[in-house]
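Read through the structure below, which is laid out as structure tokens, and then see the notes.
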Amino acid sequence: MILIKCPYCGERDQSEFSNGGEAHVIRPKNPESLSDKDWGEYVFYRNNPKGIFYERWVHSHGCKKWFNAVRNTSTDQILRVYKVNEKRPDLSDFKNTLKSPSGEPLVGSGNFAVKK
Amino acid sequence: MKKKYSITSLIKNSLSDNENWGKMWRNPNPKKHYDVIIVGGGGHGLGTAYYLAKHHGIKNIAVIEKGWLGSGNTGRNTTIIRSNYLWDESANLYDHAVKLWENLSEDLNYNMMFSQRGVLNLAHNEHDIKEIKRRVSANRLNGLDTMWLDKNEVKDLVPIMNTDNLRYPVLGAAYQPRGGVARHDAVAWGYAMRADELGVDIIQNCEVKGIKTDNYKVEGVETTKGFIKSSKIGVVASGHTSVLAATAGVRLPLQSRPLQALVSEPIKPVINTVVMSNAVHAYVSQSDKGELVIGAGTDGYNSFTQRGGYDVIEETVRAIVELYPIFGKMKMLRQWGGIVDICPDASPIISKCDVEGLYFNCGWGTGGFKATPGSANVFAHTIAKDEPHKINAPFALSRFSDGRLIDEHGAAAVAH
């Protein structure tokens, strides 16, 4: 069980929150011109990194507001919490702040953001 | 040398204090090149190597495992086997596995402790009844042995169950007598031993760090024991599949989450079948040692921590205690978590991909153990022939672009 600091209510138990999956997924502006593959990508494919993950949470048993968080999925450590209208923190902000238990790279090798 | 297990070998070895059984498989150093490399030494991976060697005549195979054999989800599941899935595609796949389970001990000459003690899926409200009866009918059309039991029949099978005096009363259940449990370690060990006899190199404590590709074609794997060349690579790494796929530039529709289970202190036999309830989220069986084996749910967020949150166990135990009041004062011995890779439609992916020579067997989510022999069997076919077996053809990666999903959220034991 982890503690999450809601930007509106403060630190609460994770069971008060619901996870909304990956953050910053943008709905394509031109669905009709997308191929089935590209549309499938938008609907079904999400990043699944072992390492730094940008995700959405909603304080369902509290203020019911959505917000974003940056979490290390290999340790469950929450590194940053920010409101939805705030800028996405840069990946480089989190360098050298993490230690993965299995000695893997700080940023999971599955993190596509790294490759871009 | 082929290892035979029989009553005579048991007696013979007992006379020498069981000290001369010998090693079950070799511990070779990796060669420079293999015809096929399987990444992941769990039941599915080792089984794939076994069927590749046995049915498809490929002998130059390596199974590469990061830890020890069966140290991932093969050793972490609740060992339940059944095939009562709703859709035709799934019923075919999972029943293919059940049929192989039925002869696996003989096939491998290794005791799987496969016990067809039956599986119950409880209904707790009107909607459950309709949904489960629909599934029973679909199963029967597919030739499966599922049947509907009313409350009294359930009570006869499991007398310790509290059917009436609880928040969600038990109104009936689906019952599959051919379902049951098996010894999970034995699956990995049995396949490993027989694959090793057929010449498969099982390389333990060797982590695959990345899959090397060139122009959409696999070249080999980078490991902690150096680079190993191969033109065919099968990835069977469950929760870590998307991490490995990413090193080859492949994206998969998977999300990795911890799934927990727990066992109690051992008690005398009280429950001789497997009881699952999707609605109140409790499933339980009793191991041969007498421990209750209880499956909890997945955490509500992605994680690779192999722990899981305590609130998830609490929810399951609450339901267990209400359904079986006599368990109220029992102590739990151990709790653990494994990382499962969940697909959007709760069905697996057994498929080729855009990279030539790269195959995936993943997305089993919370229910991969039951399918081990079937999955390994059709995956071996897919790798050897470079085209899917007719059983796993519907489980291709392409279903996430053509929309032919196989939605099995209702048949999964754990809601996710």
Side-chain angles (χ1 to χ4, degrees), chain A residues 1-4 12-23 34-58 60-61 69-78 98 100-105 107-116, chain B residues 66-67 207-211 222 224 237 239-258 260 298-315 337 339-345 349 354 362-363 397-405:
Chain A
M1 202 177 292
I2 49 181
L3 290 173
I4 299 172
R12 299 292 167 86
D13 199 292
Q14 173 262 315
S15 56
E16 287 191 16
F17 299 84
S18 306
N19 185 277
E22 190 182 5
L34 288 185
S35 66
D36 286 352
K37 197 164 192 267
D38 288 341
W39 182 247
E41 281 262 331
Y42 163 67
V43 176
F44 298 116
Y45 288 65
R46 295 291 178 269
N47 286 337
N48 185 27
K50 181 172 187 172
I52 293 173
F53 188 45
Y54 294 79
E55 64 185 355
R56 304 187 303 154
W57 287 92
V58 57
S60 3
H61 302 286
V70 181
R71 183 169 54 92
N72 180 0
T73 59
S74 64
T75 58
D76 277 351
Q77 195 180 5
I78 293 180
L98 306 171
S100 155
S102 55
E104 282 158 336
V107 174
S109 45
N111 199 322
F112 285 88
V114 187
K115 297 202 159 181
K116 272 172 196 165
Chain B
K66 181 180 177 180
E207 183 177 356
V208 171
K209 295 196 288 188
I211 298 163
E222 200 60 68
T224 46
H240 282 70
T241 305
S242 37
V243 177
L244 278 168
T247 65
V250 176
R251 235 183 142 196
L252 296 169
L254 300 173
Q255 298 285 288
S256 295
R257 295 193 164 185
Q260 296 179 76
T298 51
D299 280 347
Y301 49 91
N302 290 7
S303 175
F304 288 82
T305 54
Q306 291 190 322
R307 282 195 299 267
Y310 191 72
D311 53 325
V312 177
I313 301 180
E314 204 179 356
E315 189 196 331
I339 304 303
V340 299
D341 45 339
I342 296 172
C343 256
D345 59 355
I349 297 167
D354 290 342
C362 58
L397 204 45
S398 59
R399 72 178 190 268
F400 298 102
S401 47
D402 64 26
R404 294 182 70 90
L405 301 184

(message) Has S256(B) got a side-chain atom pairing as donor or acceptor with D341(B)'s backbone, closer than 3.5 angstrom?
(response) no
(request) Please flag which part of I339(B) lies under 4.5 Å from any non-hydrogen atom of chain A: side chain, backbone, both or neither. (result) neither
(request) Heavy-atom pairs under 4.5 Å with chain B are the metric here; pick the option from D76(A), D36(A), V43(A), D38(A) that has the most. (result) D76(A)
(request) Considering non-hydrogen atoms only, spot the tightest contact between T75(A) and T305(B) and give its length. (result) C-CG2, 3.8 Å
(message) With chain B as the partner, which of Y45(A), F17(A), W39(A) has the greatest number of non-hydrogen pairs under 4.5 Å?
(response) Y45(A)
(request) May I ask you to name which of R46(A), K37(A), E55(A), E41(A) has the most heavy-atom pairs under 4.5 Å with chain B? (result) R46(A)
(request) Answer yes or no for R307(B) and F304(B): cation-pi contact, defined as NZ/CZ to six-membered ring centre under 6.0 Å and angle to ring axis within 45°. (result) no
(request) Check the angle between the aromatic planes of F44(A) and F400(B) and answer parallel, tilted or perpendicular using the 30° and 60° thresholds. (result) perpendicular
(request) Scan side-chain atoms only and decide if N47(A) and R251(B) contain a donor-acceptor pair under the 3.5 Å cut-off. (result) yes
(request) Please flag which part of L397(B) lies under 4.5 Å from any non-hydrogen atom of chain A: side chain, backbone, both or neither. (result) both
